[in-house]
> 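What follows is a structure written as structure tokens; I'll ask about it next.
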Amino acid sequence: KVVAVIMVGGPTKGTRFRPLSFNTPKPLFPLAGQPMVHHPISACKRIPNLAQIFLIGFYEEREFALYVSSISNELKVPVRYLKEDKPHGSAGGLYYFRDMIMEDCPSHIFLLNCDVCCNFPLPDMLEAHRRYGGMGTMLVIKVSAESANQFGELIADPITKELLHYTEKPETFVSDLINCGVYVFTPEIFTAIEGVSTHMEDTANLRHVSSFEAFHSLSRTLPKDFVRLDQDILSPLAGKKQLYTYETMDFWEQIKTPGISLKCSALYLAQFRLTSPHLLAGGDGTKSATVIGDVYIHPSAKVHPTAKIGPNVSISANVRVGAGVRLIGCIVLDDVEIKENAVIINSIVGWKSSLGKWARVQADGDYNAKLGITILGEAVTVEDEIVVINSIVLPNKTLNVSVQEEIIL
Ligand code: GDD
């Protein structure tokens, strides 16, 4: 048997995701019309002999309750949310719930970061891991040398694929091969985490005795039950024939900002074309609006037949789209109203917002720039004919003048 664990983190981690994380936990923010965490969960469904999926985080349980029960029914695999009383780190959180994870005596444990967007080649990783042996195999990808320092950089043996060296977000360049945050481990991983926390306890006790130990513990002033997978486990185990790498040649993104989430929504829509074309609008002829490229429209949304939508648009529940509306490259969240002839380009429109007639909400679409996409927070009103360009508008604002390159607080 195999189990999967998805690390969802908690509220303090979502600050870069504002203003979209005010009321919704980031893992439930919709990409391609499905909660972010839905994409790794449905990838887990392809793992042979999958017994259970656990989500581990420190968000309130009730925030995940509804989603967890509906996805369990849909996938016919038990999905459980396990809440930490406080953050234990990416490895500490796993260790904290070891008894529940090991309940079914799994031979392998998948561990996935919730905030990555890729096609999760999990069965291929498991097969590669069985060939390599060792304690774990991690998904890796080549990125540009300039962007590599935002991630864990690593060196792998070109023949055996063994992880030889690992440094988390190094200041000086090590390698353009990086950690994707997707792993498969044997249960030995728990022994490794236990080893680290015991060592940390010893180090803490010795602090006043040995200046060498004191030096090392100073650089790590974290509680002893806080264990990070990358720095505390991967780095020391590199080069010990325990960890191996599996390189993906497909897409991969880390979802830290709303800008990147817009890009990831498009990537997942493109993937639906291959994996779940029934989720895309236009194929079945039931929506009479003009649809261009990959578009998701929630069944409860009401779209006027003269609207023109796409490519890369995702429309959530109960959205109303008026006559002559044009939507390109955007995420429109629940209960939004878009009146006649309004235009939305490269933007995210928050829950319950409304756009007046001929209003324009747009941006140039540079996903990495601070104001490269326009974001309207929850319940923002854009009045008739108002233009909002490359701006972020915080919740509950009413715009009656046009703005450009502004953050409206
Ligand atoms: N449950 C729980 N508890 N989850 C946590 C905790 C915790 O205390 N701390 C972090 N996480 C979750 C986050 O939500 C995220 O899904 C994952 O663990 C990793 O988060 P971080 O430890 O903050 O690392 P990161 O996202 O900056 O970078 C990691 O992922 C990159 C790939 O996306 C590193 O492993 C990098 O090396 C890697 O490139």
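Whatever order the structure lists ligands and atoms in, that order sets their numbers, starting from 1. These numbers were taken from a predicted model, which means no experiment stands behind them.
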> Any N or O on Gly152 sitting closer than 3.5 Å to an N or O of ligand 1?
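Between Gly152 and ligand 1 (N or O atoms, distance only) the closest approach is under 3.5 Å.
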
> Regarding Asp250 and Asn119, do their side chains bring together a donor and an acceptor under 3.5 Å, going by distance alone?
yes

> Considering distance alone, does some N or O of Gly93 sit under 3.5 Å from an N or O of ligand 1?
no

> Less than 4.0 Å is my threshold; does some heavy atom of Arg228 fall inside it relative to ligand 1?
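Arg228 does not count as a contact of ligand 1 under the 4.0 Å cut-off.
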
> Identify, with sequence neighbours excluded, every residue that meets ring-ring contact (aromatic ring centres under 6.0 Å, His included) alongside Tyr268.
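Partners of Tyr268 under the ring-ring contact (aromatic ring centres under 6.0 Å, His included) test: His39.
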
> Can you tell me if Trp252 contacts ligand 1 (heavy atom of the residue under 4.0 Å from the ligand)?
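In this structure, Trp252 qualifies as a contact of ligand 1 - some heavy atom is under 4.0 Å.
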
> So, does Ser314 use its side chain to make a donor-acceptor pair with the main chain of Ile331 at under 3.5 Å?
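Not at all, since once roles are kept as given, no pair shorter than 3.5 Å links the two residues.
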
> Run down the list Glu84, Gln254, Lys256 and name the one with the heavy atom closest to atom 1 (N) of ligand 1.
Glu84

> For ligand 1, is Tyr96 a contact, meaning one of its heavy atoms is under 4.0 Å away?
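So Tyr96 does not count as touching ligand 1.
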
> Take a 6.0 Å sphere around CG of Leu274 and say whether it holds more than 12 heavy atoms from other residues, nucleotides or ligands.
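More than 12 within 6.0 Å, yes.
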
> Taking distance alone, no hydrogens or angles, what donor-acceptor pairs closer than 3.5 Å link side-chain atoms of residues 127-134 to residues at least two apart or in another chain?
unit_1: His129; atom_1: ND1; unit_2: Thr137; atom_2: OG1; d: 3.0
unit_1: Tyr132; atom_1: OH; unit_2: Thr245; atom_2: O; d: 3.0

> Quick one: do the Ser72 and Ser69 side chains pair a donor with an acceptor below 3.5 Å?
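No, Ser69 and Ser72 have no side-chain donor paired with an acceptor closer than 3.5 Å.
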
> Hey, does Phe226 come in under 3.5 Å of ligand 1, counting only N/O atoms on both sides?
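The answer is no, given that Phe226 and ligand 1 share no N or O pair closer than 3.5 Å.
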
> I'd like to know whether ligand 1 has Tyr166 as a neighbour, heavy-atom separation below 4.0 Å.
yes

> Should the proximity of Tyr59 to ligand 1, defined as any heavy atom under 4.0 Å, be assigned to the side chain, the backbone, both, or neither?
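It is neither part, as no heavy atom is under 4.0 Å.
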
> Could you tell me whether Ile56 and ligand 1 have an N or O pair separated by under 3.5 Å?
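Yes, there is a polar N/O contact under 3.5 Å.
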
> What are the two closest non-hydrogen atoms of Pro187 and Ile109, and how far apart are they?
CA-CD1, 4.0 Å

> How does Asp230 reach ligand 1, by side chain, by backbone, by both or by neither, if only non-hydrogen atoms under 4.0 Å count?
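Under 4.0 Å from ligand 1, Asp230 contributes side-chain atoms alone.
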
> Does a donor on one side chain and an acceptor on the other come within less than 3.5 Å for Tyr95 and Glu194?
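Indeed, the side chains of Tyr95 and Glu194 share at least one donor-acceptor pair under 3.5 Å.
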
> Counting only nitrogen or oxygen atoms and a 3.5 angstrom limit, does Gly89 reach ligand 1?
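Yes, there is a polar N/O contact under 3.5 Å.
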
> Where does Val8 meet ligand 1, judged by heavy-atom distances below 4.0 Å: at the side chain, the backbone, both, or neither?
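Just the backbone.
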
